[in-house]
Amino acid sequence: MGEAAVEIEDAGLRFGDRTLWSGLDLDVAPGEFVAVLGPNGSGKTSLLRVLLGLQPLSSGSVRLAGEPPGRGNQKVGYVPQQRAIDESAALRGTDLVGLGLDGHRWGVGLRGMARRRRLVAGAVASVGAQSYARFPVGRLSGGEQQRLRVAQALVGEPEVLLCDEPLLSLDIAHQRAVTELIDTRRRTAGTAVLFVTHELNPILPYVDRVLYLVNGRFRIGTPDEVMNSHVLSELYSTRVEVFRVGGQIHVAGAHSALCEDLPHHADEQVP
Amino acid sequence: MEEFFDLELMFRLAGVVQNGLLAAAILGLVAGVLGPLIVLRRMAFAVHGTAELGFTGAAAALLLVGTGIEYGAIAGAVVAAALLGVLGGRSGERDSVIGVVLSFGLGVGVLLLWLYPGRASNKLGLFVGQIVSVDASTVVVFAVCGVLVLSVLALVYRPLLFASVDPAVAAARGVPVGALAPLFAVLVGITTALGVQVVGVLLVLALLVTPAAAASRVTSSPLLATVLSVIFAETAVLGGIMLSLVPGAPPSPFVTTISFLIYLVCRAVAYRRDRPRTGLGPPPGTLDPIASPVR
Ligand SMILES: Nc1ncnc2c1ncn2[C@@H]1O[C@H](COP(=O)(O)OP(=O)(O)O)[C@@H](O)[C@H]1O
Ligand SMILES: [Mg+2]
C-alpha cells in the first residue's frame, strides 16, 4: 500500500484526428473514491478500457494495482456499461457472480466448490439478491442484473474497482444500497474506486474527487473545486450555472451537461 | 411394422455394428459436452458451416485416396473452423462469413463427388451417415479425438464459459477472449467431423445443438445442462442407431427424430413449469432512474 492504486501519467487518447483527452494526470490512492463525469462521448468508458489494457493509449502511461495495464487484471473488479445477458442463456445469478471470483482461472473448477459457494452466497447477500440469484440471469430485470454485476465485481476482493454507470436502471433505494456497499468496501478493504456516472448527487456524500471530462478538456478536484459555475463554464466554453440545493448539486445552462442522461438512459435500458 | 420391433434381430445386428455403436457413444459424449457452449455462443450456424466443409474434406479424401473419409472430414472441418474463427471474429460479420465460406465449400464438395467414380452408396454415406462402415481403426480415431477435445476443453472450460456469457467482464478480468474463439471453433470442428460417419455431414446439428438446446430449456445451471445434454445426445445417437438396424435404414432419420422429440418434451416441461409463475421475483418493469431534478 502507500503507492497509488491507479497511476495515470500524461495520458492521451486519440481516435483519428479526434482527441478524447490528453495530458491526463491522476493518481488514485487506495481507498479513494473518484467520480468520473462528463457528457456522452467524452471518453469515460474509453478511460476505463485503457486502465484494463483493452485500449492502448496514444501517449503517456498508466499503471493499475502496481502493474502495467492488462497485467494485474485479477486485482480489478469491473462493472461494464453494456451488461445485458442473453435472455435464453443457461446461467444463474450465482453462476455470474462465481465467474467474477474465479472465471479467469484455467480448468473446470470442481475443487474448492464449498468455499466458492460460500463466497458467492456472501456476495449475493451483500447486494440483497438472494431471492432471485438462482433464476436465469437473462430473465431478470435490469436493476436485478445490475446488483448481481456489483456482486460479481466485488466477490473477487479487488484492489481497484472500475464501475461504468453502475447506477443505471436502479431505483433510488438500490442506488443508495449499491453506493453504500461500494463505499464500505473501499473503507474496510482499501479498494480504490473509479466510478463513471451521469449523476453525481446519489454518490456525492462518498466522493473524494471528481474527474470531469468535456470535449477533450478535463478538471480534477474535490466536488467543491470542480462543481462550480466558474470551472464548468470554462470546461463547456459556455455559461453554466451550478446551484446547490439541500446538499445536492444541480447544473443548468450547458444543455449537454444536464439533460444528456435522459435520452441516453432511455436507449440503454432496452436490452 | 412387426419386424421393426424384432428385438432379437435388433440385438444380433447390434453385435455386427458394435464398432459403430462405440464410435457413436464417443461422439454423443463429446457432442453433449460441447453443446451447451455452442448454444451459449450462438454457434449453431457455424456448426452447420463447419459440417459442410467437413463434407468437402471427406469428398476430397474419397476422390483422392479412395478411403479415409474420417481424416478428410476432420481436416476439412478443422480448416473451416479455424477459418471461421479468424475471419468471423466479430459476431456481426460471422453469419455472412459462414454463408460465404460454406456455400463455396459445398460447391467444391459436390464437384469432387461428381468426379468420384466409386459406388453411389459411399457418396450417400457422407450425407446420411454410414454406421456399418465403422471399423476398429475408426473407433481408435474417435477415441483419440474424443480424449483430445475433452482434455483441451477441461483446461479452458471456466474462462471459455466466462468469455461466452460475459465477454466484456471476462476480457476485463484477463481472460484471452479473442484467442479462445478460434480454439473452441477447432474443437467444434473436430467433433463435427466425427459426426460425418454417424449421422452424416448435414445432420450433425442434431447431436451438437439439439440436445444442448433441449437441456437449456429445462435448467439454467451450466453443470446440469451439460449432464442433461450428454444424456440426450447419447439417447438420440444410440437409440437412433438401434432403431435403424432392423429396417436397414440410415440411422440419421432416427437420430434426428429422437433428438427432436426430446427437444419438444423439454420445451413442454419448461412451458408447464414457467406458466404458473408469471414473472420472476419482483415485477418486470424496473423503476426508472431518478429524473434529473433540474427538469
Ligand atoms: N476503438 C475506437 N475507435 C474509434 N472511436 C472510438 C473507439 N472507441 C471509442 N471511440 C469513440 O470515442 C468516443 C468516446 O467513447 P466513450 O469512451 O464510450 O464515451 P463515454 O463513455 O464518455 O460516453 C466515442 O465518440 C466513440 O465513438
Ligand atoms: Mg460510456
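We name chains A, B, ... by the order of the sequence lines, and we start the count at 1 in each one.
When heavy atoms are compared at a cutoff of 4.5 Å, B:A170 does not approach chain A at all. Using a 4.5 Å cut-off between heavy atoms, B:R217 does not touch chain A at all. Contact annotation for A:L51: neither backbone nor side-chain heavy atoms come within less than 4.5 Å of a heavy atom of chain B. Only the backbone of B:T219 has a heavy atom closer than 4.5 Å to any heavy atom of chain A. Of the two parts of B:P222, the backbone and the side chain both hold a non-hydrogen atom closer than 4.5 Å to a non-hydrogen atom of chain A.
For the set B:L153, B:V156, B:V39, the entry with the most heavy-atom pairs within less than 4.5 Å of chain A is B:V156. If you tally non-hydrogen atom pairs under 4.5 Å between each of B:L161, B:L160, B:V175, B:V169 and chain A, the highest count goes to B:V169. Heavy-atom pairs under 4.5 Å with chain A peak, among B:A172, B:G174, B:P176, at B:A172. Counting heavy-atom pairs closer than 4.5 Å to chain B, the top residue among A:G70, A:G138, A:A89, A:G100 is A:G100.
For A:R116, the CZ atom counts as densely surrounded, since its 6.0 Å shell holds more than 12 non-hydrogen atoms of other residues, nucleotides or ligands. Remark: A:R115 CZ is loosely packed, at most 12 non-hydrogen atoms of other residues, nucleotides or ligands lying under 6.0 Å away. For A:E67, the CD atom sits in a packed shell: over 12 heavy atoms of surrounding residues, nucleotides or ligands are nearer than 6.0 Å.
A distance of 7.5 Å separates OG in B:S220 from CZ in A:R139, rounded to the nearest 0.5 Å. Between the CD1 atom of A:I85 and the CG atom of B:D166 there is a distance of 4.5 Å, given to the nearest 0.5 Å. Taking CG from A:L91 and OG from B:S216, the interatomic distance works out to 11.5 Å, rounded to the nearest 0.5 Å.
Annotation for A:W106 and B:P159: closest pair CE3-CG, 3.5 Å, computed over non-hydrogen atoms. Nearest heavy-atom pair, A:A90 versus B:L40, reported as atom, atom and distance to 0.1 Å: N-CD2, 3.8 Å. The two residues A:V76 and B:R173 make their nearest non-hydrogen contact at O-NH1, 2.8 Å. Closest approach of B:F162 to A:H104, counting heavy atoms only: CD1-N, 3.9 Å.
Residue B:V165 forms a side-chain contact (heavy atoms from CB on, under 4.5 Å) with just one option from A:L99, A:D86, A:V137, A:D95, and that option is A:L99.
In this structure, B:R158 contributes its side chain and A:G103 its backbone to no donor-acceptor pair below 3.5 Å.
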